Amino acid sequence: MNQKREFFRVAIERIGQIAKGAETASCEVLDLTEKGFQLRTDLPAAMGDSLELEFPLTKEAPVQCTVEVTYVASPQLGARITKISPEHQQCLSQFIEQLNVLNLTGF
């Protein structure tokens, strides 16, 4: 059964790295929420796989986390965050909040 997203997606384009065990590949983060991501990658993945994701959210704020694959339509996949440091979660939440404020105010 597919899991439904709880938060609105924020479109973003960031290049990062994804790893499954010893296998690593580049990935593109296409969009995000406070709880997960949509990615494009050549790394083979299946529903339920646990992956390590790292990408620069901003110049000053990298994001490193563990995600679980919840959707696969190769080369894209959806993943929910299963492990993230409080600092990286705070950066992610603040980034989304700032984008929402900018979008609502039109600046």
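Residue numbers start at 1 and run along the sequence shown. Since the structure is predicted, the reported quantities are computational estimates derived from the model, not experimental observations.
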Out of curiosity, E54 CD to C27 SG, how far, rounded to the nearest 0.5 Å?
10.0 Å
Taking the side chain from R14 and the backbone from P56, do they hold a donor-acceptor pair closer than 3.5 Å?
yes
Any residue meeting side chain to side chain contact (heavy atoms under 4.5 Å, CB included) with Q17, in chain and number order, not counting sequence neighbours:
T24, S26
We want to know whether T66 and E52 form a side-chain donor-acceptor pair, criterion being a heavy-atom distance below 3.5 angstrom.
yes
Quick check for you: to the nearest 0.5 Å, what is the distance between F55 atom CZ and Q64 atom CD?
10.5 Å
Between D31 and A11, the two heavy atoms sitting closest are CB-CA, 3.9 Å
Measure the spacing between CD of Q90 and CD of Q94 and express it to the nearest 0.5 Å.
4.5 Å
Please confirm whether the backbone N or O of Q89 pairs with a side-chain atom of E34, one donor and one acceptor, at under 3.5 Å?
no
Compare every heavy atom of V69 with every heavy atom of A46, then report the nearest pair and how far apart it is.
O-CB, 3.4 Å
All heavy atoms of L51 vs all of A45, minimum pair found to be CD1-CB, 4.4 Å
Which heavy atom of M47 sits nearest to which heavy atom of V72, and what is that distance?
N-CG2, 4.0 Å
Using 0.5 Å steps for rounding, measure from the OG1 atom of T41 to the CD1 atom of I18.
6.0 Å
Sorted by chain and number, sequence neighbours left out, ring-ring contact (aromatic ring centres under 6.0 Å, His included) with F95 holds for none
Taking P44's backbone N and O only, do any of them form a donor-acceptor pair with K20's side chain (distance below 3.5 Å, no angle check)?
yes
Begin with the C-alpha distance, continue with both residues' side-chain angles, and end with the deciding distance and a verdict on side chain to side chain contact (heavy atoms under 4.5 Å, CB included) for L92 and I81.
CA-CA 11 Å; L92 184 59; I81 298 169; 3.8 Å; yes
Please test L57 against V29 for side chain to side chain contact (heavy atoms under 4.5 Å, CB included), starting from the C-alpha separation and ending with a verdict.
CA-CA 10 Å; L57 185 61; V29 180; over 6 Å; no
Partners meeting side chain to side chain contact (heavy atoms under 4.5 Å, CB included) with Q76 (sequence neighbours left out)
L30, Q38, R40
